[in-house]
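Structure record follows, encoded as structure tokens.
In what follows, every chain begins at residue 1, and chains take the letters A, B, ... in the order their sequences are listed. As a basis for the values below, the full set of heavy atoms in this structure was taken, side chains included, without hydrogen atoms, waters or symmetry mates.
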Protein chains: 2
Amino acid sequence: MVVDQTLSDIEVDRIFRALADATRRDIVRRTLSAEASVSVLARDYDMSFAAVQKHVAMLEGAGLVTKHPRGRERIVRGNPEAIRRAQQLLNTYEQIWRGRIDRLDALLEENPG
Amino acid sequence: MVVDQTLSDIEVDRIFRALADATRRDIVRRTLSAEASVSVLARDYDMSFAAVQKHVAMLEGAGLVTKHPRGRERIVRGNPEAIRRAQQLLNTYEQIWRGRIDRLDALLEENPG
DNA sequence: CTAACGTACAACTATATGGTTGTAGATCAG
DNA sequence: CTGATCTACAACCATATAGTTGTACGTTAG
């Protein structure tokens, strides 16, 4: 199964926006390492449960984590796919920059000295 | 010269926040490819000059671009360093995920079937 | 059954963002 | 010198974020 890996502007916005908060990055890090319920996650942060819930919701909306019911709990898992898409974006930017360098080099070879 | 590549939470916040907008990503893309003045950049977007100015200011605050006076113009250049730091962040997340997979594999080998 | 737990969601506040218009200073062209 | 250009910045508005508290509901433990 080949999945369309083209991301709309809105989707990319959401991914980067979701990563622009230290608490959310920590949740991504933790849930990539091992899944955890929302309440277990919440214990480690100096804020209300509802606040953590909102962070998880934003991460879920960006596709960076998935939530799975287990009894009364909601298990949160990090999603490496979304990370990879963000990496791809940044890679294209680096490629663009390398392209510029290559063009500058070519220019220098044409007009040496 | 070795530069400290450790980023504070605030700095990382700013980088991802700056990347969470399609106009700003486009400015990064363009200025990585070739430097351009703020007004030249602004011509291509359906918003006021002041709005583009603010986007550039946010990118500059995040270190994603640098601004250089040239006469009455301000020349904007993309900064690949900041891109690389964001890439590094995402790479560590992927490493964390791979670490989990490795641990799962080891577990399966210990308890086969 | 009952109490505690985990979650969902609404309402509210404060601050940040993304846009606007307007004013003003510096520089360039003629 | 004068006018056009490029930029800077303030003030304002609408919306989104990040946090709070409070209420409600399903699930689990005893």
Side-chain angles (χ1 to χ4, degrees), chain A residues 8-31 34-78 82, chain B residues 8-31 34-78 82:
Chain A
S8 75
D9 279 349
I10 303 290
E11 291 171 312
V12 178
D13 286 5
R14 276 202 273 258
I15 291 177
F16 284 126
R17 191 70 187 78
L19 289 170
D21 179 279
T23 301
R24 287 195 293 265
R25 285 193 300 275
D26 196 60
I27 292 173
V28 167
R29 189 185 54 73
R30 290 173 67 186
T31 56
E35 62 183 28
S37 70
V38 180
S39 55
V40 165
L41 290 172
R43 275 182 207 124
D44 287 6
Y45 305 112
D46 188 25
M47 65 184 74
S48 68
F49 173 80
V52 176
Q53 227 180 356
K54 282 207 222 175
H55 283 308
V56 171
M58 196 167 300
L59 288 168
E60 191 184 18
L64 283 161
V65 305
T66 55
K67 270 199 310 188
H68 311 271
R70 183 152 78 200
R72 63 185 161 187
E73 295 178 312
R74 297 294 179 275
I75 304 301
V76 183
R77 286 190 206 136
Chain B
S8 74
D9 279 349
I10 303 290
E11 290 170 312
V12 178
D13 286 4
R14 276 202 273 259
I15 291 177
F16 284 127
R17 190 72 185 76
L19 288 171
D21 178 280
T23 300
R24 287 195 293 265
R25 284 193 300 276
D26 196 59
I27 292 173
V28 168
R29 189 185 54 70
R30 290 173 67 186
T31 57
E35 62 183 25
S37 71
V38 180
S39 56
V40 164
L41 290 172
R43 276 184 205 122
D44 287 6
Y45 306 112
D46 188 24
M47 65 184 73
S48 68
F49 174 80
V52 175
Q53 226 180 355
K54 282 208 223 175
H55 283 309
V56 171
M58 197 168 298
L59 289 169
E60 191 184 18
L64 284 160
V65 306
T66 55
K67 269 199 311 190
H68 311 271
R70 183 153 78 200
R72 64 185 159 186
E73 294 178 311
R74 297 295 180 271
I75 303 301
V76 183
R77 289 190 204 134

Considering only heavy side-chain atoms of A/A50, the closest of D/dG22, C/dT21, C/dG18 is D/dG22
Under 4.0 angstrom, heavy atoms only, what part of the nucleic acid is B/R70 near: base, sugar-phosphate, or nothing? nothing
Can you tell me how far C1' of D/dT7 sits from CZ of B/R72, to the nearest Å? 10 Å
Report yes if at least one side-chain N or O of A/H55 is closer than 4.0 Å to OP1 or OP2 of D/dT17; otherwise report no. no
Any side-chain N or O of B/R43 less than 4.0 Å from the OP1 or OP2 oxygen of D/dC6? yes
Any salt bridge linking A/E35 with A/R70? Criterion: basic side-chain nitrogen under 4.0 Å from a carboxylate oxygen. yes
Looking at A/S48, I'd like to know whether one of its side-chain N or O atoms comes within less than 4.0 Å of OP1 or OP2 on D/dT20. yes
What is the distance, rounded to the nearest whole Å, between atom CD of A/E60 and atom C1' of C/dT7? 13 Å
Under the side chain to side chain contact (heavy atoms under 4.5 Å, CB included) criterion, do A/R14 and A/L64 qualify, and how do the steps go? CA-CA 10 Å; A/R14 276 202 273 258; A/L64 283 161; over 6 Å; no
Do the side-chain N or O atoms of A/Q53 get closer than 4.0 angstrom to the phosphate oxygens (OP1, OP2) of C/dA8? yes
Where do B/L19 and B/R25 come nearest, in terms of heavy atoms and distance? O-NH1, 2.7 Å
Side chain to side chain contact (heavy atoms under 4.5 Å, CB included) for B/D21 and B/M58? Distances and angles first, verdict last. CA-CA 11 Å; B/D21 178 280; B/M58 197 168 298; over 6 Å; no
Below 4.0 angstrom from OP1 or OP2 of D/dT7, is there any side-chain N or O of B/S39? yes
Any sub-3.5 Å donor-acceptor pair from A/R24's side-chain atoms to A/R17's backbone N or O? yes
Rounding to a whole Å, what distance do you find between A/D46:CG and D/dA18:P? 17 Å
In this structure, how many angstroms lie between the C1' atom of C/dT17 and the CG atom of B/D21, rounded? 9 Å
For the student: nearest non-hydrogen atoms of B/V38 and B/V52, plus distance: O-CG1, 4.4 Å
With the side chain counted from C-beta on, respond yes when B/V76 and B/K67 share a heavy-atom pair under 4.5 Å apart, and no when they do not. yes
So, OP1 or OP2 of C/dA8: does either fall under 4.0 Å of a side-chain N or O from A/K67? yes
Here the distance between atom P of D/dA8 and atom CZ of B/F49, to the nearest Å, is 7 Å
So how far off straight is the helix from C/dC1-D/dG30 to C/dG30-D/dC1, going by the axes through five pairs at either end, to 10°? 30°
Atom CG of B/L41 to atom P of D/dC6: distance rounded to whole Å? 12 Å
Whole-Å distance between D/dA18 C1' and A/M47 CE? 8 Å
I want to confirm an ordering. Mapping A/A20 and B/V38 to their closest nucleotides on DNA chain D, which one lands closer to the 5' end? B/V38
Indicate whether OP1 or OP2 belonging to D/dA16 is found under 4.0 Å from a side-chain N or O atom of A/R17. no
Find the distance A/K54:NZ to C/dC12:P and express it as a whole number of Å. 13 Å
C/dG6 OP1/OP2 closer than 4.0 Å to side-chain N/O of A/S37: no
Has B/R74 got a side-chain N or O lying under 4.0 Å from the OP1 or OP2 atom of D/dC6? no
Between the CD1 atom in B/I10 and the CD1 atom in B/I15, the distance rounded to the nearest 0.5 Å is 12.0 Å
